[in-house]
Amino acid sequence: METLKLYDGDAYATEFTATVTGCTPVTRNNETCFATVLDRTLFFPEEGGQSPDKGEINGIEVKDVQISGDVITHYLASPVEAGSEVSGLIDFKHRYSNMQQHSGEHIFSGLVASIYGFNNVGFHLSDNSVTMDYDGVLTAKDIELLENKVNEAIYKNIDILCEYPSPLVLANTEYRCKKELKGAIRIVTIPGYDCCACCAPHVKKTGEIGILKVIHLQNYKGGVRLHILCGERALAYFRESLDLIDSLTEVLTTGRENLKDNISSMKTEIQSLNTRLASVKQELLLKDISDIPEDAENVTLFKEKTDSFIMRNVLNKLTEKHKGVCSFFSGSDAEGWTYFIGSKTADCREIQKKLASINARGGGKPEMVSGSVKASESEIKKALA
Ligand SMILES: [Zn+2]
């Protein structure tokens, strides 16, 4: 039996009573819940890319709401008795936020269609994000123009109409539509901006959307995907963004206007310090190895983590001075070791084989091998012995 959609007539109603026409236990996401069908409901199901309403029936949490054909099923945490009368309560804060986002999307998509001729080919409205996909490319400049026009429509506080026109009226109405529709078609009109087939609850007046802001634009399947925020969600995002900026200005003890310059000069300074640090490290290592007696044939060094290019430079100096096998390990027992091994007389691949016995990964030529090993200094020394 068809479920009467009470939200269709009044998107602002929060409480209702209904008769239970069926309640069956089912397993969803590894837990038991109760698939409950009522003769009528205020719960908007997951439909058209929008996540379902939240709330409770007889005080029991409604975990999900799905629609199949004309039947709406509520998934409850515990059962209700078939044939009994129940009372339902919608989480209106959640519903109203969805209404704000969805009505904002309609104005935006209507303007994209009329100005650029692109279709809205995807819509997703969940608790965390609102995205719209268009089959054409919009630039950042286009977005700014669209944002301005949408917000103008919001300031004008225009009535939003949700109706089921007669077949005759419908045949003479031009409206946006994402898919082939069956049954009675509900048309949502925002005069001067949009006319679109849609089953979802909307705000009564555009002013209730509060604000629409695009927060992200990306290329997507030959067109674009936009992330938007309307109403309270936009306010929360604005607040978070200001908090972030304020905490950054506090950490960097600078004003908002200097933040960008401050961070980029810090970045440049870090890069130049790193270059200076590398050169000092190399100088120290070269000083260290100059102290090794010249008659030492084989040399093995274990040092703190060092850049590969420094290791290579130091190893070249070692093999010039010592004619046996020179090994340079840098790192720590905890993090593991990176190594370069070189020799002018021996085949270093033989040493690589010894290290492979303690799961070293590496390779190279007879005169030099390199790699890394997750073992302790003493384990490495034992393998090399
Ligand atoms: Zn819609």
Side-chain angles (χ1 to χ4, degrees), residues 1-24 26 28-29 31 33-80 84-106 122-132 160 162-164 178 183-184 186 188 196-205 208-210 228-234 236:
M1 197 178 81
E2 182 184 344
T3 313
L4 182 65
K5 298 165 179 171
L6 298 172
Y7 54 83
D8 233 11
D10 186 356
Y12 294 77
T14 56
E15 290 177 53
F16 68 104
T17 55
T19 304
V20 181
T21 59
C23 185
T24 349
V26 288
R28 300 183 94 219
N29 307 321
E31 57 178 19
C33 57
F34 297 85
T36 306
V37 179
L38 310 175
D39 63 340
R40 53 197 207 138
T41 189
L42 269 182
F43 281 88
F44 180 73
E46 181 176 0
E47 195 174 11
Q50 180 168 332
S51 61
D53 276 336
K54 293 177 174 179
E56 48 191 50
I57 289 172
N58 273 7
I60 302 160
E61 186 200 350
V62 176
K63 290 169 170 282
D64 190 14
V65 190
Q66 293 292 323
I67 185 164
S68 173
D70 287 320
V71 179
I72 294 174
T73 305
H74 312 72
Y75 292 89
L76 306 187
S78 49
V80 286
S84 69
E85 188 175 279
V86 290
S87 58
L89 179 68
I90 299 290
D91 175 348
F92 190 66
K93 193 174 158 58
H94 177 258
R95 154 75 75 80
Y96 193 63
S97 171
N98 281 355
M99 284 157 60
Q100 287 179 314
Q101 317 305 315
H102 202 137
S103 298
E105 180 271 321
H106 273 227
F123 175 57
H124 176 76
L125 165 49
S126 70
D127 295 355
N128 313 318
S129 76
V130 190
T131 64
M132 290 109 78
I160 297 179
C162 302
E163 305 159 301
Y164 286 93
K178 276 204 284 289
R186 185 170 182 263
V188 177
C196 182
C198 180
C199 52
H202 283 266
V203 292
K204 272 187 190 144
K205 283 179 166 277
E208 293 179 68
I209 298 165
I228 61 157
L229 292 175
C230 294
E232 263 190 69
R233 289 197 197 183

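Values in this document were obtained by computation on a predicted structure and should not be read as measured data.
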* Sub-3.5 Å donor-acceptor pair from the side chain of Ser126 to the main-chain atoms of Ser129, do we have one? -> yes
* Asked: Donor-acceptor pair, Arg95 side chain versus Ala11 backbone, under 3.5 Å?
  -> yes
* Partner set under side-chain hydrogen bond (donor to acceptor under 3.5 Å, both in side chains) for Asn128, not counting sequence neighbours -> none
* **His94, Lys93, Lys63, Glu61 screened by side-chain contact (heavy atoms from CB on, under 4.5 Å) with Lys54, the one that passes** => His94
* Pick out which of Gln101, Glu105, Met99 makes a side-chain contact (heavy atoms from CB on, under 4.5 Å) with Cys230. => Gln101
Roughly how far, to the nearest 0.5 Å, is [atom2] of [Y] from [atom1] of [X]?
X: Asp91; Y: Glu56; atom1: CG; atom2: CD; value: 9.0 Å
X: Glu46; Y: Ile72; atom1: CD; atom2: CD1; value: 12.5 Å
X: Asp64; Y: Arg28; atom1: CG; atom2: CZ; value: 4.5 Å
X: Asn58; Y: Glu85; atom1: CG; atom2: CD; value: 9.5 Å
X: Ile228; Y: Met132; atom1: CD1; atom2: CE; value: 4.0 Å

* To do: Determine, stepwise, if the pair Leu6 / Thr41 fulfils side chain to side chain contact (heavy atoms under 4.5 Å, CB included).
  => CA-CA 5 Å; Leu6 298 172; Thr41 189; 5.7 Å; no
Quick check: do [X] and [Y] have side-chain heavy atoms less than 4.5 Å from each other?
X: Phe44; Y: Val65; value: no
X: Lys205; Y: Val203; value: no
X: Arg186; Y: Cys162; value: yes
X: Pro201; Y: His102; value: no
X: Cys199; Y: Tyr7; value: no

Show the nearest heavy-atom pair for residues [X] and [Y], with the distance to one decimal.
X: Ile60; Y: Ala77; value: CG2-N, 3.6 Å
X: His74; Y: Ile57; value: CD2-CD1, 3.7 Å
X: Leu42; Y: Asp53; value: O-OD2, 3.5 Å
X: Lys5; Y: Ile67; value: CE-CD1, 3.9 Å

Return all side-chain donor-acceptor pairs below 3.5 angstrom for residues 33-40, not counting sequence neighbours, or 'none' if the list is empty.
unit_1: Thr36; atom_1: OG1; unit_2: Phe34; atom_2: O; d: 3.0
unit_1: Asp39; atom_1: OD1; unit_2: Thr19; atom_2: N; d: 2.8
unit_1: Arg40; atom_1: NE; unit_2: Thr17; atom_2: O; d: 2.9
unit_1: Arg40; atom_1: NH2; unit_2: Thr17; atom_2: O; d: 3.0

* Give a yes or no on this: more than 12 heavy atoms of other residues, nucleotides or ligands lie within 6.0 Å of atom CD of Glu208. => yes
* Asked: Counting heavy atoms not belonging to Asn29, are there more than 12 under 6.0 Å from its CG?
  -> no
* Aromatic plane relationship, Tyr12 with Phe92 - under 30° parallel, 30 to 60° tilted, over 60° perpendicular -> tilted
* Worked check of side chain to side chain contact (heavy atoms under 4.5 Å, CB included) between Ser51 and Asn98 -> CA-CA 9 Å; Ser51 61; Asn98 281 355; 4.3 Å; yes
* To do: For the residue pair His124 and Thr131, confirm or rule out a side-chain donor-acceptor distance under 3.5 Å.
  => no
